[in-house]
Amino acid sequence: MDSTRTRPQQGDPTTGRPSAENGQPQDGLHAGLKNRHLSMIAIGGVIGAGLFVGSSAGIAKAGPAILLSYLLVGVLVVLVMRMLGEMAAASPDPGSFSAYADRALGRWAGFSIGWLYWFFWVVVLAVEATAGAVILEGWVPAVPQWAWALIVMAVLTVTNLGSVASYGEFEFWFAGIKVVAIGVFVVIGLLAVFGLLPGSDNPGAGLAHLTDTGGFFPHGAGAVLTGVLMVVFSFMGSEIVTLAAGESADPRRAVTRATNSVIWRIAVFYLGSILVVLTLLPWNDPAITAKGSYVAALDSIGIPQAGTIMEVVILTSVLSCLNSGLYTASRMAFSLGERGDAPAAFARANRRGVPVAAILGSVVFGFVAVYFNYAFKDTVFSFLLNSSGAIALFVWLVICCTQLRMRGILLREHPEGLTVKMWLFPWLTWAAIAMIVFVIGYMFTDDENREVVSLSMAVAAVVVLLGVLHGRRKRAGAGALSGS
């Protein structure tokens, strides 16, 4: 038999899923991820390609005040991760927040947020494959861009089909390159900022550039909120480690470590690197927009071939995002299939613990999205992109609402599992909910984001409706079966 699933008699008290003595679900997925894999997935998951590519636009909109935008979103992500960590440490599950929403809010919630999250990541596959293809075509023009997109998608599909360990190994090295690159950038940049880097071309102005060109708020304090809208989506991916933890030998320890380290990860990689850019150059330096913030910063120091260096780092980030996106989409599809919310084939794993059907189902949609990106970029693909744009915020909102209910469930049924607790519960949970709702509402007032949030909410409404109808059909079927 291909499936390796075993079904003990008693399930996890928080999700109803079968569990083993060490807390790892016995569902056919193997514990193939090592501690070093989980550590790097946790660190690298918070560093998306958007940090390198999108930061220059945020700086142009808000000036040095973009630091406050990153800080506000960073605090929100820390709170959301703490809530998710509380639930994931108590009950590791490959469906993560979708499975917890199913338990705490109802079948419709688990169905809806699971499919929306899957949709988000399969669209990301197309975006990242195209971004990687642009870089690779620049290096090897003889191969057309569409072929490069096909190649990178195919290679990473094979990687994920091999085993969860092969995914973890690739992600370890991809994320490792990102982490080392940003760490070196921050150290060298700070030395140059304070005039301590030998041979640097930068004048070493210290922190003067934060205020010497129109002040810290050159576009007014309101630009901080505009900056929030621009940077919030670059943080998506920090929750991946809670899905991956279910395939590690010690999931509770992995989740606990990832949750506890998210603060310094955001402080160093986001706030630290953006601070370096803003202190090496005036925020309105044309090079930031023309070359990209990180390339412009490296050029100001006098680093040779700065553009090529950053292309390598960005390509690595793209491959990392593709690798994790396919993994994440397939595990969410697996969990949905196991709960009866997706085709049953998605819930089957082979002898290596790989959910082949879930991976292939996800990557097929990714390939279709890549095709739309080249054939119908301004119509079909634009719709897919915009309609998935605000899903990150919806996911975070569901995590918050789920944790409000799940805390009571855990205290009643599984109090010993509360090894990670949300701070100042429930006040900080409500504060996070209020902030997310405010950001969603503010998007309606912003011309550039109104279409994104409107389409995303429309798609979410359709999926929720399908979830409600699906739940009713399931209950009707169960009632008819019990009546007979």
Side-chain angles (χ1 to χ4, degrees), residues 46-81 113 116-117 119-121 123-124 127-128 131 214 216-239 266 269-271 273-275 277-278 283-284 288-289 292-294 321 381-400 431-461:
V46 82
I47 309 171
L51 173 63
F52 303 104
V53 179
S55 55
S56 55
I59 291 171
K61 284 284 186 180
I66 195 68
L67 281 170
L68 295 181
S69 304
Y70 276 102
L71 178 62
L72 286 172
V73 180
V75 169
L76 177 60
V77 172
V78 168
L79 295 179
V80 171
M81 279 298 294
I113 204 61
L116 285 172
Y117 192 67
F119 174 59
F120 172 86
W121 279 111
V123 173
V124 166
V127 174
E128 299 295 340
F216 190 75
F217 298 97
H219 296 305
V224 173
L225 293 178
T226 303
V228 165
L229 300 184
M230 301 186 74
V231 307
V232 67
F233 306 110
S234 65
F235 283 83
M236 191 66 168
S238 53
E239 70 289 334
I266 289 174
F269 297 129
Y270 277 87
L271 295 176
S273 62
I274 297 298
L275 176 65
V277 172
L278 290 168
W283 69 269
N284 59 351
I288 292 178
T289 303
S293 54
Y294 289 83
C321 193
F381 188 74
S382 177
F383 170 79
L384 291 176
L385 195 61
N386 288 331
S387 61
S388 65
I391 287 177
L393 291 169
F394 300 162
V395 168
W396 295 346
L397 184 60
V398 167
I399 290 172
C400 295
I433 290 173
M435 183 175 177
I436 295 169
V437 171
F438 175 79
V439 171
I440 293 173
Y442 189 74
M443 289 179 75
F444 281 106
T445 69
D446 185 81
D447 293 338
E448 295 180 7
N449 288 281
R450 189 176 298 114
E451 182 182 9
V452 171
V453 70
S454 299
L455 286 175
S456 296
M457 291 193 76
V459 169

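Position 1 is the first residue of the sequence; numbering continues from there.
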Derivation of the side chain to side chain contact (heavy atoms under 4.5 Å, CB included) call for L116 and V395: CA-CA 8 Å; L116 285 172; V395 168; 5.9 Å; no

Residues that [X] engages under side chain to side chain donor-acceptor pair (under 3.5 Å), provided they are two or more places apart:
X	value
S273	Y294
Y70	none
D446	N449
S387	none

Geometric class of the F120/Y117 ring pair [parallel <30°, tilted 30-60°, perpendicular >60°]: parallel

Non-neighbouring partners of [X] that pass side-chain contact (heavy atoms from CB on, under 4.5 Å), sequence neighbours left out:
X	value
S454	F444, R450
L393	V232, F233, W396, I436, V439, I440, M443
A131	V318

Contact check, side chains of L67 and I274, non-hydrogen atoms, under 4.5 Å: yes

Sub-4.5 Å side-chain heavy-atom contact between V453 and Y442: no

Listed once per pair and sorted, the salt bridge (Lys or Arg N to Asp or Glu O under 4.0 Å) pairs that draw on residues 219-229, sequence neighbours left out: none

To the nearest 0.5 Å, how far apart are [atom1] in [X] and [atom2] in [Y]?
X	Y	atom1	atom2	answer
I66	L71	CD1	CG	11.5 Å
N284	T289	CG	OG1	9.0 Å
M435	C400	CE	SG	11.0 Å
L271	I266	CG	CD1	8.0 Å
L455	L384	CG	CG	10.5 Å
L68	F216	CG	CZ	4.5 Å

List the atom pairs, donor and acceptor, that lie under 3.5 Å between side-chain atoms in residues 220-230 and the rest of the protein, sequence neighbours left out.
none

Give every donor-acceptor pair under 3.5 Å between a side-chain atom in residues 73-80 and any protein atom, sequence neighbours left out.
none

Side-chain donor or acceptor of S388 paired with backbone N/O of S456 under 3.5 Å: no

Below 3.5 Å, can you tabulate the donor-acceptor pairs from side chains in residues 53-64 to any protein atom, sequence neighbours excluded?
unit_1, atom_1, unit_2, atom_2, d
S55, OG, L51, O, 2.9
S55, OG, S293, OG, 2.6
K61, NZ, E448, OE2, 3.4

